[in-house]
Amino acid sequence: MRIFLCLIICVLLTSCGTTFVDYDYDTKVDFSKLTSYNYDFSESTGLLEFDERRVVKYTDSMLQSRGYIKTETNDFFIKITSEEYETRSRNTLGVGVGGGGGTVGVGVSGGIRIGGPERHLKMVVTVYKALGNQATVWEAISESDIKVNAKPDKRDAHFKKLVEKIFNKFPPEQ
């Protein structure tokens, strides 16, 4: 019984707060020729100002550790867009009543929602060439849960983990 209880607790803990990232890229692009970057902030990112700073800080750290250089005359731009959305809580408490006798059976059940609405962040990171046709060469779409009242250190840790997951497969292996 203990093993079953531990297994259930592990499943519940790992299913909460997960981040999903989907990647796509142009297979014809030689990513080894892209060595310098900058950001395209021509449109709003949709992030709060402090969160935007966090994303830029961790993106710079990640790319510079891989040998990329942030310059004004760059090979590619990084564009970040995001949106927050809300869903109803998926956590429910089941209540059921049933009965039966002989060949007749009756059952009633229902679910009571536990907790309030859940907040999610969808962020799209697009990498496109700075010169020529400015075609998109790599893109990542992430979805993650966010805590509305999280303290700055928790938000910092969340965005660090998010950026690491997003740039985990950049540049793509060809």
Hey, are the side chains of [X] and [Y] touching, using non-hydrogen atoms and a 4.5 Å cut-off?
X	Y	value
Val29	Lys129	yes
Tyr37	Val127	no
Phe76	Val137	no
Arg119	Glu86	yes
Val55	Leu47	yes
Arg54	Leu162	no
Pro171	Trp138	no

For residues 58-68, which residue pairs qualify under salt bridge (Lys or Arg N to Asp or Glu O under 4.0 Å), counting only residues two or more places apart or in two chains?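 Checked against salt bridge (Lys or Arg N to Asp or Glu O under 4.0 Å) - neighbours excluded - the pairs reaching residues 58-68 are Asp60-Lys70.
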Which heavy atom of [X] sits nearest to which heavy atom of [Y], and what is that distance?
X	Y	answer
His158	Asp145	CE1-O, 3.2 Å
Thr71	Asn38	O-ND2, 2.9 Å
Ile166	Ala140	CG2-CB, 3.8 Å
Ala130	Asn74	CB-O, 3.2 Å
Ser82	Gly46	OG-C, 3.3 Å

Tell me whether the count of non-hydrogen atoms from other residues, nucleotides or ligands lying under 6.0 Å of CZ in Phe50 goes above 12.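 Incorrect, the count does not exceed 12.
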Tell me whether [Y] is reachable from [X] by hopping between hydrophobic residues (I, L, V, M, F, W, Y) whose side-chain heavy atoms are closer than 4.5 Å.
X	Y	value
Ile78	Phe41	yes
Val125	Ile141	no
Val124	Tyr39	no

Report the residues that fulfil salt bridge (Lys or Arg N to Asp or Glu O under 4.0 Å) with Glu139, sequence neighbours left out, ordered by chain and then residue number.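 So Glu139 forms no salt bridge (Lys or Arg N to Asp or Glu O under 4.0 Å) with any residue.
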Interatomic spacing from [atom1] in [X] to [atom2] in [Y] - rounded to 0.5 Å:
X	Y	atom1	atom2	answer
Lys160	Thr59	NZ	OG1	12.5 Å
Phe20	His120	CZ	NE2	10.5 Å
Tyr85	Leu121	OH	CG	8.5 Å
Thr35	Leu63	OG1	CG	12.0 Å
Thr19	Glu164	OG1	CD	11.0 Å
Met62	Lys165	CE	NZ	12.5 Å

Which residues share a ring-ring contact (aromatic ring centres under 6.0 Å, His included) with Tyr128, sequence neighbours left out: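 Testing Tyr128 for ring-ring contact (aromatic ring centres under 6.0 Å, His included), a comparison that skips the adjacent residues, returns Phe77.
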Looking only at the aromatic ring of each residue, does the gap between the centers of Phe167 and Tyr68 stay below 6.0 angstrom?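 That pair fails the under 6.0 Å test.
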Are Lys33 and Asp75 ion-paired here, with the side-chain N under 4.0 Å from a carboxylate O?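 No, no charged N to carboxylate O under 4.0 Å.
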